Amino acid sequence: QVQLVESGGGLVQAGGSLRLSCAASGRTASSHAMGWFRQAPGKDREFVAAIHWSGTIPVYADSVKGRFTISRNNGKNIVYLQMSSLKPEDTAVYFCAADEAYARVRDRPKYWGQGTQVTVSS
């Protein structure tokens with residue numbers, strides 16, 4: 001079992017930056033692939049970024065490529081999402097997710113956090 005807690009959301013102006021954190025707990029948390037998803041009001045939840053348990057093979061949605069960076073610190077069991085050049089359309093609740101399999105974390109991860117709100121004003 002893996003528990004995930006997100007933090008770092010807030011209100012930021014367009015063009016600004018935020019860094020989200022996801023603290024993972026559980027005996028095998030550091031061996032799980034991790035990902036970030038988001039859900040805007042009235043829209044489906046969508047994939048944002050994912051990273052292998054080793055900290056390699058980051059992958060991004062086209063909408064955030066070049067602006068967002070996912071990374072992890074396995075010693076602290078924390079995954080980060082550095083968001084830059086934020087746009088109003090990035091406004092959403094951002095969720096952290098985890099799965100034992102990197103192949104699944106982009107589509108149907110087993111574990112989810114509660115989410116953190118990110119609001120980008122124009």
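Here the structure is a predicted model, which is why all the values come from computation and not from measurement.
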Is the shortest heavy-atom distance from the side chain of [X] to the side chain of [Y] under 4.5 Å?
{"X": "Tyr80", "Y": "Arg19", "result": "yes"}
{"X": "Val12", "Y": "Thr119", "result": "no"}
{"X": "Leu81", "Y": "Val48", "result": "yes"}
{"X": "Tyr60", "Y": "Thr69", "result": "yes"}
{"X": "Met83", "Y": "Tyr94", "result": "yes"}

Inset, instruction - Could you identify which residues cluster with Val5, counting Ile, Leu, Val, Met, Phe, Trp and Tyr as linked when any side-chain heavy atoms lie under 4.5 Å apart, either directly or through a chain of such contacts? - result: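 Joined to Val5, directly or through intermediates: none.
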Inset, instruction - Look at the side chain of Thr91 and the backbone N and O of Val120, then say whether any donor-acceptor pair between them is shorter than 3.5 Å. - result: yes
Legend entry - Partners passing side chain to side chain contact (heavy atoms under 4.5 Å, CB included) against Leu4 (at least two apart in sequence or in another chain): Val2, Cys22, Ala24, Met34, Cys96, Ala98, Tyr111
Inset, instruction - Find out whether the Lys NZ or Arg CZ of Arg45 is both under 6.0 angstrom from the six-membered ring centre of Phe37 and within 45° of the ring's axis. - result: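 Ring-cation test returns no.
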Any link between [X] and [Y] through a network of hydrophobic side chains (Ile, Leu, Val, Met, Phe, Trp, Tyr) touching at under 4.5 Å?
{"X": "Tyr102", "Y": "Val79", "answer": "no"}
{"X": "Phe47", "Y": "Trp36", "answer": "no"}
{"X": "Val105", "Y": "Trp53", "answer": "no"}
{"X": "Leu18", "Y": "Phe95", "answer": "no"}

Inset, instruction - To the nearest 0.5 angstrom, please state how far the CD atom of Glu6 sits from the OG1 atom of Thr116. - result: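 Nearest 0.5 Å value for the CD-OG1 distance: 7.0 Å.
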Legend entry - Under 3.5 Å side-chain donor-acceptor pair for Gln13 and Ser121: no
Legend entry - Salt bridge Asp99-Arg108, side-chain N to carboxylate O under 4.0 Å: no
Legend entry - Non-neighbouring partners of Arg72 that pass salt bridge (charged side-chain N to carboxylate O under 4.0 Å, His left out), sequence neighbours left out: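 Per chain and number, Arg72 pairs via salt bridge (charged side-chain N to carboxylate O under 4.0 Å, His left out) with no residue.
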